[in-house]
Amino acid sequence: MTDAAALPGQPRGGVLSGPATPRAVNVLAPNASAMTLDGTNTWILSEPDSELAVVVDPGPLDEGHLRAVVDTAEAAGKRVALTLLTHGHPDHAEGAARFAGLTGTKVRALDPALRLGDEGLGAGDVVRVGGLELRVVPTPGHTADSLCFHLPADQAVLTGDTVLGRGTTVVAHPDGRLGDYLDSLRRLRSLAVDDGVHTVLPGHGPVLEDAQGVVEFYLAHRAHRLAQVETAVENGYRTPGAVVEHVYADVNRALWPAAELSVRAQLEYLEEHGLI
């Protein structure tokens, strides 16, 4: 067995649902799969002495899960006052409209199509509810609309699918772009180095205790994969499917369709930079 402290980001062991930091509680959605790991992490955020809470990523359209989120907040003496989305993939956002109906909240997101209410989210925005402060960090790459939320009081960042609690994420071509994703990882590294962020509250998988470590791992992993793809093309593997079979031969075949999206993004990146 591998020591968790030796794994990228130092993943926290134990049950995923429940309190993660003084201001963050996770309610795990029952949608585990090869792509969603243990399921989607729905985050309830609140100042300890406040009656108001913010929910990030209500998750899939699962009535039991959505009501469990409301019940968890209410059991702690909280009322959900706002819903936020890290991005629009269904495992994070499909239940948002129903959740807004259950809680009477607005939904704020980068993509106007996902919003309920007039306010969106963008670079430099600060969300304040009941004394809680969240800083919006644009992190396109996994998708064009991906956002992270910096929680300064807990030295934490909610990363959606930009950084996972286990494994690595997909650059979902054509919406996702590798160049954007690498820039987003560097932005997160700056949060760790310059702003003291050490805890990662991901959209899937366990909490990570070493934000800088996991981001450095992601950057190194991307550089390694990119080099592998470039070499594969030089050796005659020209189509995305052929590159996946060659480069991702050690990866679960159930993940190959997702890997192909990342390969397409990598091929686009290499072409744009005149490397193939």
Side-chain angles (χ1 to χ4, degrees), residues 2-12 16 31-41 57 86-87 89 91-92 137 139-148 157-189 191-192 197-232 240 243-270:
T2 303
D3 182 359
L7 296 174
Q10 298 181 16
R12 186 182 299 176
L16 295 180
N31 62 333
S33 71
M35 287 297 295
T36 61
L37 305 181
D38 310 276
T40 300
N41 295 333
D57 290 351
T86 61
H87 65 296
H89 279 168
D91 57 313
H92 293 257
V137 183
T139 48
H142 170 68
T143 60
D145 69 329
S146 288
L147 299 171
C148 291
V157 60
L158 289 86
T159 55
D161 282 357
T162 299
V163 172
L164 305 179
R166 185 170 66 250
T168 56
T169 199
V170 173
V171 179
H173 182 272
D175 184 42
R177 294 174 56 85
L178 181 59
D180 291 342
Y181 185 65
L182 295 175
D183 288 342
S184 293
L185 290 177
R186 296 182 188 109
R187 195 168 297 121
L188 290 176
R189 180 172 59 188
L191 278 182
V197 167
H198 56 73
T199 301
V200 173
L201 306 176
H204 304 280
V207 171
L208 302 176
E209 307 283 8
D210 178 15
Q212 183 177 349
V214 74
V215 172
E216 296 286 3
F217 169 79
Y218 265 54
L219 285 165
H221 171 78
R222 284 295 165 195
H224 178 64
R225 282 297 194 208
L226 195 61
Q228 287 180 309
V229 170
E230 184 178 1
T231 299
V243 172
V244 169
E245 290 184 17
H246 179 68
V247 173
Y248 291 79
D250 60 339
V251 173
N252 184 342
R253 281 176 175 262
L255 297 176
W256 278 13
E260 184 169 326
L261 296 179
S262 282
V263 166
R264 289 179 181 274
Q266 290 171 89
L267 292 172
E268 180 182 68
Y269 180 89
L270 290 169

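None of these values were measured; they are calculated from a predicted model.
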- Item | Atom pair CZ (Arg222) and CD (Gln266), whose distance is rounded to the nearest 0.5 Å | 6.0 Å

- Closest contact, heavy atoms only, Leu164 versus Thr168: CD1-O, 3.6 Å

- Taking the inter-plane angle between the rings of His92 and His87 on a 0 to 90° scale, is it parallel (under 30°), tilted (30 to 60°) or perpendicular (over 60°)? tilted

- Identify the two heavy atoms, one from Val163 and one from Leu188, that lie closest to each other, and give their separation to 0.1 Å. CG2-CD1, 3.9 Å

- Look up atom CG in Leu158 and atom OG1 in Thr199, then write down how far apart they are to the nearest 0.5 Å. 10.5 Å

- Item | Distance-only side-chain donor-acceptor flag, Thr40 / Asn31, under 3.5 Å | yes

- Item | Whether Thr86 side chain and Ser146 backbone form a donor-acceptor pair below 3.5 Å | no

- How long is the span from the CG atom in Asp91 to the CG atom in Asp57, to the nearest 0.5 Å? 8.5 Å

Let me check something: any side-chain donor-acceptor pairs from residues 210-217 under 3.5 Å, sequence neighbours excluded? List them with distances.
unit_1	atom_1	unit_2	atom_2	d
Asp210	OD1	Gly213	N	2.9
Glu216	OE1	Arg189	NH1	3.4

- Message: Working to the nearest 0.5 angstrom, can you tell me the gap between Leu270 CG and Leu178 CG?
- Response: 8.0 Å

Can you list, pair by pair, the side-chain donor-acceptor contacts under 3.5 Å of residues 250-259, counting residues two or more places apart and other chains?
unit_1	atom_1	unit_2	atom_2	d
Asn252	OD1	Ala254	N	2.9
Trp256	NE1	Tyr248	O	3.0
Trp256	NE1	Val251	O	3.3

- What are the two closest heavy atoms between Ala265 and Gly176, and how far apart are they? CB-O, 4.4 Å

- Query: What's the shortest heavy-atom distance between His204 and Gly39, and which atoms?
  - Reply: ND1-O, 3.0 Å

- Short side-chain to backbone donor-acceptor contact, His142 and Val171, under 3.5 Å: no

- Flag side-chain contact, heavy atom, 4.5 Å: Asp38 against Arg166: yes

- Is any side-chain N of the basic residue among Arg264 and Glu260 closer than 4.0 Å to the acidic one's carboxylate O? yes

- Message: If only side-chain N and O atoms count, and only distance matters, is there a donor-acceptor pair under 3.5 Å linking Ser33 with Thr36?
- Response: yes

- Backbone of Pro202 reached by a side-chain donor or acceptor of Asn41 within 3.5 Å: yes

- First locate atom CZ of Arg177, then atom CG of Asp183, and finally report the distance between them rounded to the nearest 0.5 Å. 11.0 Å

- Can you list the residues that meet the ring-ring contact (aromatic ring centres under 6.0 Å, His included) rule with Tyr181, with sequence neighbours excluded? none

- Thr169 side, atom OG1; Tyr218 side, atom OH - distance, nearest 0.5 Å: 6.0 Å

- Task: May I ask you to test the Leu208-Leu7 pair for a side-chain heavy-atom distance under 4.5 Å?
- Result: no

- Are Val247 and Val263 side-chain neighbours, meaning at least one heavy-atom pair lies under 4.5 Å? no

